[in-house]
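Beneath this line is the structure, given in structure tokens, with notes to follow.
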Amino acid sequence: MTRMLIRNVAVLVVPEQGECRVDEAQDIHIQDNLITAITPTTPPTANAARGASAAGGPGAMGGAGDMGGPGAAGGVGGAGGSGGSGGELGVGEVVDGTGLVAVPGLVNSHTHSPMVMMRGAAEDLSIEDWFNQRIWPVEVNLTPERVRVGARLACAEMLLAGVTTFVDHYFHADQIAAAAIESGIRADLAPTYFSSAGQDGINAAIDTTRELSQLHPRVTASLGPHATYTVSDDDLKRTAEIARAEGLRIHLHAAETDEQTQASLDNHGVTPIQVLERTGVLDAGALIAHGCGIRESDLPILERYADRTTVASCPKVYLKLAMGEVTPIKGLRSAGVHVGVGTDGAAVHNTLDVWEAIRMVALTQKQREHDAEWMALSDALRLATRGSAAAAGLADQVGVLEPGRQADIALVDLGAPHNQPIHDPRAALVYSVRASDVVTVLVAGKVVVRDRRLTTVDLDEILADAKSLAHTLVDLSKGGAIQHYGP
Ligand SMILES: [Zn+2]
């Protein structure tokens with residue numbers, strides 16, 4: 001049994017409905033992988049001569065310079081209660097949270113992590129050219145090693161930014177699992193397949209899902225048909241049957257653009273969401289990536305499966321590829337469908353920075369609805385926490401800081417000039433915080449980032465490996481492509 005205490009930290013509280021808030025001066029008690037209690041910080045005892053309470057008392061959040069001053073950021077005490085309070089014998093490691101805000105570890109609810117290896121390699125292209133001229137030709141070069149190196153880089157980037165779970169959809173997923181396990185991050189992995197891979201290729205991907213689902217407590221696995229436009233109805237049907245029979249979820253792309261929805265209507269007489277319904281995918285339980293082409297008429301369908309089907313929104317990608325639409329989050333939420341926040345792959349998003357994705361969601365939703373009051377701070381934070389946890393299939397385990405949940409926690413220092421002075425810490429978390437403001441990160445009760453450094457892996461080695469392999473991945477001299485895009 002391992003105990004840990006995060007002492008004297010401000011805590012982001014995200015209720016199911018209503019306003020989020022930040023509670024000052026809290027202690028987060030952790031035992032093994034779980035949060036066991038969150039209590040007001042015990043005042044220092046009378047004979048604690050060090051004056052430990054000088055920072056972080058009630059009201060500290062409002063004042064410029066009170067937070068994150070020199071020496072205040074995330075120091076880690078030794079065993080046995082270095083905080084100076086009585087009654088802490090046997091608490092194990094004490095992390096000093098003075099001047100920091102504890103937020104639920106972020107969840108990247110849709111990504112293709114190894115695509116960090118293609119960062120900046122496919123710019124200023126239409127969605128057709130992005131797929132057909134760059135990405136699918138590049139992916140001819142995928143090897144287990146290149147995927148592993150990319151996944152290690154991705155895990156490092158995400159953990160340093162306070163992302164504690166990622167929901168992935170890619171090839172060679174066993175290599176991604178190895179990187180996740182090594183780095184200490186939590187992952188849901190969907191080994192990806194196209195119908196063009198044939199039954200053997202599809203079966204191999206499905207077998208990998210089965211293997212990964214048994215591999216490690218921090219790894220879950222989903223079935224990963226690529227999309228409604230690259231996987232046949234028959235293959236989707238078979239996927240749904242396996243999902244239902246074996247208790248697996250399905251993670252796929254659907255209705256990414258309105259153009260795709262219109263093409264589906266023109267060619268098949270149904271929307272992509274109707275395809276997912278009639279093939280049993282929605283009934284089995286699905287995470288739908290993007291859904292920007294979801295029509296008003298699709299909402300009652302999705303409402304019927306809202307207890308098991310979710311949508312991930314990655315708006316930076318929609319802007320960059322000029323897709324014309326963003327995810328209709330307001331309609332989906334009205335239908336009771338949970339929506340999470342994701343980055344998609346870095347071949348278009350350029351980062352795996354979920355803070356950036358949260359900001360993009362808030363901004364694009366206000367613009368979409370022509371309503372500055374929609375996607376308020378609390379809505380954005382709820383989407384990024386509870387919504388993304390639901391999208392990851394981990395709604396009862398992560399996404400909220402409360403007893404019984406996994407101790408997946410990011411401690412954020414809002415002391416930098418771009419956040420100060422603070423009138424509302426929630427506004428800082430949505431609109432001004434940077435990934436580099438994350439100081440300390442725990443996953444399943446284990447410190448994986450301490451004082452902005454990874455504790456689990458050698459970042460220099462990861463960067464060197466990525467640099468040495470990156471050019472081999474984007475070499476198009478072999479010719480060919482793994483798939484062709486045509487909505
Ligand atoms: Zn995607």
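Values below: every heavy atom of this structure, side chains too, minus hydrogens, waters and symmetry copies. In each ligand, atom 1 is the first atom listed, and ligand 1 is the first ligand listed. Numbering starts at 1 and runs along the sequence shown.
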Output yes when a side-chain donor or acceptor of [X] lies under 3.5 Å from a complementary backbone atom of [Y], and no otherwise.
X	Y	answer
Tyr318	Cys314	yes
Arg426	Cys20	yes
Asp379	Ala376	yes

Shortest-distance N, O or S atom of Asp344 relative to the Zn ion (ligand 1): OD1

For His112, the N, O or S atom at the shortest distance from the Zn ion (ligand 1) is NE2

Taking N, O or S atoms only and a limit of 2.8 Å, check whether His253 reaches the Zn ion (ligand 1). yes

Hey, is there an N, O or S on His110 sitting under 2.8 Å from the Zn ion (ligand 1)? yes

Say you draw a straight line from CD1 of Ile462 to CZ of Arg152; how long is it, rounded to the nearest 0.5 Å? 4.5 Å

